[in-house]
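Reading through the structure tokens given below for one structure.
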Amino acid sequence: MDLGRVSRHGEAEWWVEPYGAMRVPAVLYASEPLMREMDEKVYEQACNVASLPGIVKASYAMPDAHWGYGFPIGGVAAFDEEEGVISAGGVGFDISCGVRLLETPLTREQVEPLKEALADALYHEVPVGMGSTGRVHLDDAQMDAMLAGGARWAVEQGFGTWGDLPRIEEGGCMAGARPEFVSRRARQRQADEMGTLGSGNHYLEVQHVAHVEDARLAEAYGLREGQVVVSIHCGSRGLGHQIGTEYLREMLLEAARQGLKLPERELACAPIRSEVGREYLGAMRAGINCALANRQIITHLVRQVFARVAGVSELGLLFDVSHNTCKREEHEVDGKRRGLFVHRKGATRAFGPGHPELPPGLREVGQPVLIGGSMGTASYVLAGTEESETRAFSSSAHGAGRSHSRHDALRHWRGRDVVESLARRGILIRSPSMRGVAEEAPGAYKDVVEVVDAAEVAGLSHKVARLEPLACIKG
DNA sequence: ATGTCC
């Protein structure tokens with residue numbers, strides 16, 4: 001990106017003052033090297049978002065931002081609940097794609113001899129890859145219950161424990177879901193896909209805590225150096241995608257009816273108070289519950305594998321964050337509390353200490369912010385801080401962020417080579433798709449350390465621990 | 001992200 005187009009407002013904060021149709025500034029959080037590398041498309045898309053009706057304060061991009069559909073991935077935008085809009089492209093197609101972190105009582109030394117067996121068993125038990133189906137099959141009534149209940153429904157069905165629920169955003173159940181606005185086709189696509197990982201950047205990874213960055217917070221989170229943890233990254237599979245596709249079309253029609261001027265059709269949106277807006281909100285919330293239930297079922301499968309292979313089943317849930325959402329939240333804007341609909345697309349909510357929505361045990365210290373690295377590289381646990389509330393409506397980065405397109409990655413890397421080079425470093429990869437592995441080559445992503453450092457310097461969240469991979473099940 | 005174009 002040409003830094004001549006932005007003005008610097010801090011070590012890791014860059015502004016585009018409103019011009020043309022922009023109603024508010026665009027604010028990009030990144031270090032100077034990340035800014036130089038960042039796609040010009042992020043600049044354009046963040047500015048486009050800034051022109052949408054009812055946007056409040058600014059259109060934001062996180063340090064891992066890259067080119068997305070309409071909104072950048074790594075984009076945050078909040079809209080006034082009376083005059084604002086909601087956008088399917090602003091949430092993303094994989095509704096509530098997210099990450100959860102499970103903590104085992106095992107050390108790296110204990111797991112090393114079991115690594116192959118764990119990788120094989122996880123790969124066998126957790127369905128992965130495009131179009132994969134699982135052992136859970138839902139009829140229409142069960143689908144309604146799942147879409148309304150989320151992870152709470154999954155626990156009722158015997159997946160995981162009641163103690164998991166407070167460690168999930170929304171207590172594991174997104175309120176206001178309206179299953180009746182989820183189409184027959186979306187339901188059909190999901191009927192056999194519960195408890196499956198999917199493909200693309202989704203993964204299930206066995207990791208160890210390589211370094212504690214903040215001893216007090218690590219202790220509060222139950223993390224210690226050498227400990228083995230498990231990360232689960234997946235979303236709402238076919239259902240979320242179908243909801244996104246259908247409502248995008250509806251929003252194009254609605255925007256035309258309302259006479260909204262869109263910078264491009266990918267920014268299709270509808271007034272939050274319109275019928276289409278309310279229906280999407282209900283369907284999207286049902287999509288959130290689908291993703292929460294999905295991660296809850298996979299958690300159960302992971303615990304079963306660990307019980308069988310390693311003799312331990314007490315894998316506590318640190319936290320579950322969603323990356324692709326639009327949520328009604330109250331934030332202070334110019335000294336006033338306002339109800340806002342906050343779109344986070346490839347961005348993590350990062351509530352600081354004292355936030356009433358955090359459960360006991362986390363409320364005192366701030367919310368865990370889980371940042372998944374690329375395959376074979378580090379992941380990070382960070383924490384929301386008091387400062388986070390003053391940055392992008394309490395948001396942070398969500399991952400390393402792509403630096404090369406999938407197409408580009410296929411020309412640069414071969415899946416088999418990637419698997420072999422990681423194996424030489426002791427990192428096991430299990431995947432049905434060598435093409436997928438090539439697309440996900442570590443080199444196709446930004447350096448997660450740079451992203452996390454930028455998040456810290458920008459005041460988005462605070463580093464707690466670095467995780468390094470041992471084995472990765474890749475979709 | 002996605003039954004990788006109903």
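Each chain gets a letter, A, B and so on, in the order the sequences are listed, and its residues count up from 1. Basis for what follows: all heavy atoms, side chains included, without hydrogens, waters or symmetry-related copies.
If you check every strand for non-hydrogen atoms under 4.0 Å, Gly92(A) touches nothing. Nucleic acid contact class of Arg185(A) (heavy atoms, under 4.0 Å, all strands): base. Residue contacts shown for Gly235(A) are absent, as no nucleic acid heavy atom lies under 4.0 Å away.
Legend: side chain to side chain donor-acceptor pair (under 3.5 Å) pairs involving residues 466-475 of chain A, not counting sequence neighbours, sorted by first then second residue: Glu440(A)-Lys474(A), Arg466(A)-Glu468(A).
With rounding to whole Å, Gln190(A) atom CD is found 10 Å from dT2(B) atom P. Between the CD atom of Gln242(A) and the P atom of dC6(B) there is a distance of 9 Å, given to the nearest Å. The separation between Glu440(A) atom CD and dT2(B) atom P is 11 Å, rounded to whole Å. Note: CD (Glu193(A)) to C1' (dT4(B)) measures 13 Å, nearest angstrom. The nearest whole Å value for the distance from the CG atom in Leu248(A) to the C1' atom in dC5(B) is 16 Å. The CG atom of Leu197(A) sits 9 Å away from the P atom of dT2(B) (whole-angstrom rounding). Regarding Tyr69(A), its OH atom lies at a distance of 17 Å from the P atom of dT2(B), rounded to whole Å. Atom pair Met130(A):CE and dT2(B):C1' shows a separation of 5 Å (rounding to whole Å applied).
Inspection of the Arg152(A) and Gln296(A) side chains reveals no N or O donor paired with an N or O acceptor under 3.5 Å. Side-chain atoms of Ser183(A) and Gln242(A) form no donor-acceptor pair, as typed in the model, at a separation below 3.5 Å. Side-chain contact of Ser199(A) with Arg435(A): a donor-acceptor pair under 3.5 Å is absent, judged by distance alone.
For Phe93(A) and Glu439(A), each mapped to the nucleotide of DNA chain B holding its nearest heavy atom, the one lying further toward the 5' end belongs to Phe93(A).
Using a 4.0 Å cut-off, no side-chain N or O of Arg406(A) falls inside it from OP1 or OP2 of dT4(B). A close approach under 4.0 Å does occur between a side-chain nitrogen or oxygen of Ser199(A) and OP1 or OP2 of dT2(B).
At a threshold of 4.5 Å between non-hydrogen side-chain atoms, the residues Arg167(A) and Asp320(A) do not count as touching.
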